[in-house]
> 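Take a look at the following structure, please.
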Protein chains: 2
Amino acid sequence: MPVTINDVAARARVSKTTVSHYLNGRYDSMSKETRENIAQVVEELGYRPNALARSLKQKKTHTIGAIVANILNPFSTSIIRGVEDYCNQHGFSLILCNADEDPVKEREYLEVLADKQVDGLIINTTGYNNDLIKNLNLHLPVVLIDRKVPEINTDTVTSDSRKGVQLMIDHLIKLGRSEIAFFTMPYHEVSPRTERVLGYRQALASHGIACKPHLLVETILDEAAVIRAVETVLASPEPPAAIFGANNLMTMAVVKALKKLNISIPRDIAVVGFDDWDWAELIDPPVTVVSQPTYAMGQEAATLLIKRLKSKRNSRKPAVILFDPELVIRKSCGE
Amino acid sequence: MPVTINDVAARARVSKTTVSHYLNGRYDSMSKETRENIAQVVEELGYRPNALARSLKQKKTHTIGAIVANILNPFSTSIIRGVEDYCNQHGFSLILCNADEDPVKEREYLEVLADKQVDGLIINTTGYNNDLIKNLNLHLPVVLIDRKVPEINTDTVTSDSRKGVQLMIDHLIKLGRSEIAFFTMPYHEVSPRTERVLGYRQALASHGIACKPHLLVETILDEAAVIRAVETVLASPEPPAAIFGANNLMTMAVVKALKKLNISIPRDIAVVGFDDWDWAELIDPPVTVVSQPTYAMGQEAATLLIKRLKSKRNSRKPAVILFDPELVIRKSCGE
DNA sequence: TTGAAAGCGCTAACAT
DNA sequence: ATGTTAGCGCTTTCAA
């Protein structure tokens, strides 16, 4: 049986009230002797307070729940590192959940986290549980990360997708590659995807180029599916001079597909993408990307959340923080 | 104020005992009417039981804590996916923590998880908190993953590092590359690292080759440090024909270093590594590796833990599950 | 400076 | 089939 506050109180011959005071650092309201006495007993017994009991009473768990869309994506893990570091520095624990791009799983996690009475939530949402999230947000602060949801009026941190796409399209056109295909996952409902598609159209328009339907390709992130999509677009009467992947996973899938089809990058076609990651430069060829400051985004999300937790009443109105993406030029366009 | 079991009881005009029975599915001990009545009230009020209160009483949280050494490592995340899937399927939540290779952080997380009364622990340990882990293991089941600790007598799942290294060395020697450098992170105390070094010596010995001290290089996983280490070994009187990275991160660091130094793989030197990951084949050149079945290892760890949680008394004696690594031949040796 | 007592939201004997 | 009661381990008035 684990030792409880009663055991400590008994051994130290004081009431559990006093022990509680000690545990909560209210040393001024007890004699030096009792304090040292309790300290010693705690040490002897290896006593640790039961966080469940404490939280039940205090109605605070000092715990934040985070749900990421896909833990296998370096984009997510890098954000999480930012969240985590900030939480740690400020005395909060993190419960990390992986929705695996599955709205059902996401819903379950949202409920479990709420049931466990987390103090706040950081969510990289799938976009299909807005009702629930809005509801939870009535009782606890929520910060949305990466994917914003207009109908949920809460702190959001994301990056400027349209600007990012524009940067890249400008770059490609400067290199003379104006026939640009954009490869995206199904994008309805999911904000950065929608915005990147929008950004694609707008950026082309800004160069006086019309968006050709066959160059805007929507495919799931399945190896075979991407290969088929690549083959199709290359076999079209007007094949592209570059393929732009909507995120890192799509970009890698495209590179894989091209390799499998024995098509040389950048000789036969250029490949670029949204999102950077540690070993992007090791890819053959090192791939030119638009990079988001993921770690900083994670830190910012945690900052916003904890600020809200510390301020008595929900004072501030929701902030939407937009980070600036950056062009990282490597070799996949023949630069 | 969130709604409690009392609110439900009041509205349904029954005692909270009956509500509790309802919540726990003991429908046989209540009339159809009360059951439906309660169901409706629960629905109306959007009631969800407070997991904290429930756990405090039951002394079960149905939650497992997992600590990984480094969440940025695809090796860790893939294992976690396995753990997670299995936990989900069996009604357990997962609290995931990232020790970031830092024993101090690891210790904090171990304590937080224990304080939160998790039912069990899955740990990819740094190797520097054995005392604490041993202690926690007195009260709750622990499964060690990847890194085993002889002094902690508990379920462990790992893979056969020595066999893996042997596989790779055999392969290299068959290709005529018998001067093999082994690049490892500092390895004292950390079992797979120690075993891989041991495997390296033994595998060389099995081919009648002595281990040359300058070819066993120990370096931290820092970009500059690895570059220096690579330069040093290449400048030695007897430079290697291949470099073998002790894990995926080290292998990538070596590839990066070689690129920076403008040394061609595999023409000038071969590079191979332990651990596989999704985009290893996209690297230039696609790198030949020894692969561990990470997802299955995660599943197995969760299986062992949950089995122990379900069996009344700690019956079985600790199992040590050894998975078989596999050689994945790509192009980094000029195959 | 210390303690008694109530209560956080739930479950589980034990009645009835 | 339903309710009364005690209590999980802690914090927090309120009194002494």
Side-chain angles (χ1 to χ4, degrees), chain A residues 1-39 41-42 45-63 111-112 114-119 139-140, chain B residues 1-39 41-42 45-63 111-112 114-119 139-140:
Chain A
M1 272 292 95
V3 13
T4 75
I5 197 174
N6 284 309
D7 303 328
V8 176
R11 198 123 179 323
R13 305 181 161 286
V14 294
S15 75
K16 54 181 186 170
T17 307
T18 307
V19 178
S20 176
H21 281 151
Y22 168 82
L23 294 174
N24 292 286
R26 285 187 280 279
Y27 303 135
D28 45 343
S29 67
M30 90 189 60
S31 74
K32 186 148 170 281
E33 293 81 57
T34 35
R35 174 181 168 177
E36 283 168 355
N37 178 224
I38 296 176
V41 174
V42 164
L45 265 36
Y47 170 69
R48 298 226 104 216
N50 181 324
L52 252 35
R54 175 176 279 188
S55 297
L56 179 59
K57 181 70 199 186
Q58 291 184 150
K59 293 173 173 303
K60 291 252 153 320
T61 52
H62 293 285
T63 301
E111 288 175 336
V112 168
D115 292 349
K116 284 191 183 303
Q117 318 295 125
V118 294
D119 293 343
H139 301 293
L140 47 80
Chain B
M1 270 295 94
V3 14
T4 74
I5 197 173
N6 284 308
D7 303 329
V8 176
R11 197 111 164 351
R13 305 180 160 288
V14 294
S15 75
K16 54 181 186 170
T17 308
T18 307
V19 179
S20 177
H21 281 153
Y22 168 82
L23 294 174
N24 292 285
R26 285 188 280 278
Y27 303 134
D28 45 343
S29 66
M30 91 190 56
S31 75
K32 187 150 169 278
E33 293 81 58
T34 35
R35 175 180 165 174
E36 283 167 354
N37 178 225
I38 296 176
V41 174
V42 164
L45 265 37
Y47 169 71
R48 297 226 106 218
N50 180 324
L52 252 37
R54 177 176 275 188
S55 296
L56 179 59
K57 181 68 197 186
Q58 290 184 151
K59 294 175 172 304
K60 291 254 157 311
T61 52
H62 293 285
T63 301
E111 287 175 337
V112 168
D115 291 351
K116 285 194 182 301
Q117 317 296 124
V118 294
D119 293 342
H139 301 293
L140 48 81

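First the proteins, then the strands, lettered A, B, ... as listed; each starts at 1.
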> Does the side chain of B:L56 come within less than 4.5 Å of B:L52's, by heavy atoms?
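They are not in contact (no side-chain heavy atoms under 4.5 Å apart), so the answer is no.
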> So A:D115, base contact, sugar-phosphate only, or nothing? Heavy-atom distance under 4.0 Å.
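Nothing, no nucleic acid heavy atom in range.
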> Identify all side-chain donor-acceptor contacts of residues 10-17 of chain B below 3.5 Å with residues at least two apart in sequence or on another chain.
| unit_1 | atom_1 | unit_2 | atom_2 | d |
| --- | --- | --- | --- | --- |
| B:R11 | NH1 | B:E44 | OE1 | 2.3 |
| B:S15 | OG | B:T17 | N | 3.3 |
| B:S15 | OG | B:T18 | N | 3.4 |
| B:S15 | OG | B:T18 | OG1 | 3.3 |

> For A:D28, which contact category applies under a 4.0 Å heavy-atom criterion: base, sugar-phosphate, or nothing?
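The answer is sugar-phosphate, as A:D28 gets under 4.0 Å only of primed atoms, P, OP1 or OP2.
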> Tell me every residue that passes salt bridge (charged side-chain N to carboxylate O under 4.0 Å, His left out) with B:E33, counting only those two or more places apart in sequence or in another chain.
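For B:E33 there are no salt bridge (charged side-chain N to carboxylate O under 4.0 Å, His left out) partners, ignoring immediate neighbours.
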> Tabulated below should be each protein N or O lying under 3.5 Å from an N or O of nucleotides 12-16 of chain C; please produce it.
| unit_1 | atom_1 | unit_2 | atom_2 | d |
| --- | --- | --- | --- | --- |
| C:dA12 | N6 | B:T17 | OG1 | 3.2 |

> Would you mind classifying the nucleic acid contact of A:S29 as base, sugar-phosphate or nothing, using non-hydrogen atoms under 4.0 angstrom?
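Base, at least one base heavy atom under 4.0 Å.
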> What pairs with B:H21 under ring-ring contact (aromatic ring centres under 6.0 Å, His included), at least two apart in sequence or on another chain?
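If we apply the ring-ring contact (aromatic ring centres under 6.0 Å, His included) test to B:H21, skipping adjacent residues, there are no hits.
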> Who passes side-chain hydrogen bond (donor to acceptor under 3.5 Å, both in side chains) against A:T4, sequence neighbours left out?
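So A:T4 forms no side-chain hydrogen bond (donor to acceptor under 3.5 Å, both in side chains) with any residue.
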> With sequence neighbours left out, what residues match B:R48 under side-chain hydrogen bond (donor to acceptor under 3.5 Å, both in side chains)?
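Here the qualifying residues are A:D115.
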> Please state whether the phosphate of C:dT11, meaning OP1 or OP2, lies under 4.0 angstrom from any side-chain nitrogen or oxygen of B:K59.
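For B:K59, the contact criterion (side-chain N or O under 4.0 Å from OP1 or OP2 of C:dT11) is not met.
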> List for me each residue that meets side-chain hydrogen bond (donor to acceptor under 3.5 Å, both in side chains) alongside A:S29, sequence neighbours excluded, and say none if there are none.
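With sequence neighbours excluded, A:S29 shows a side-chain hydrogen bond (donor to acceptor under 3.5 Å, both in side chains) to no residue whatsoever.
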> Under the rule for salt bridge (charged side-chain N to carboxylate O under 4.0 Å, His left out), what residues qualify as partners of A:D7, not counting sequence neighbours?
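A:D7 satisfies salt bridge (charged side-chain N to carboxylate O under 4.0 Å, His left out) with no residue once adjacent residues are dropped.
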> Strictly below 4.0 Å, heavy-atom distances to any atom of DNA chain D: list the hits from residues 30-38 of chain A, or just say none.
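Contacts with DNA chain D under 4.0 Å: none.
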> Heavy atoms of chain B, cut-off under 4.0 Å: which first and last nucleotide of DNA chain D, 5' to 3', fall inside that, if you could look?
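Result: D:dA1 to D:dG9.
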> To the nearest 10°, give me the bend of the helix from C:dT1-D:dA16 to C:dT16-D:dA1, comparing the axes of its five terminal pairs at either end.
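Helix axis angle between the two ends: 40°.
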> Once side chain to side chain contact (heavy atoms under 4.5 Å, CB included) is applied, do any residues pair with A:T63, and if so which ones, sequence neighbours excluded?
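Testing A:T63 for side chain to side chain contact (heavy atoms under 4.5 Å, CB included), a comparison that skips the adjacent residues, returns A:T61, A:S93, A:I95, A:V118, B:K116.
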> Looking at every strand, decide which applies to A:Y27 at a 4.0 Å heavy-atom threshold: base, sugar-phosphate, or nothing.
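The answer is nothing, as A:Y27 stays clear of every strand by at least 4.0 Å.
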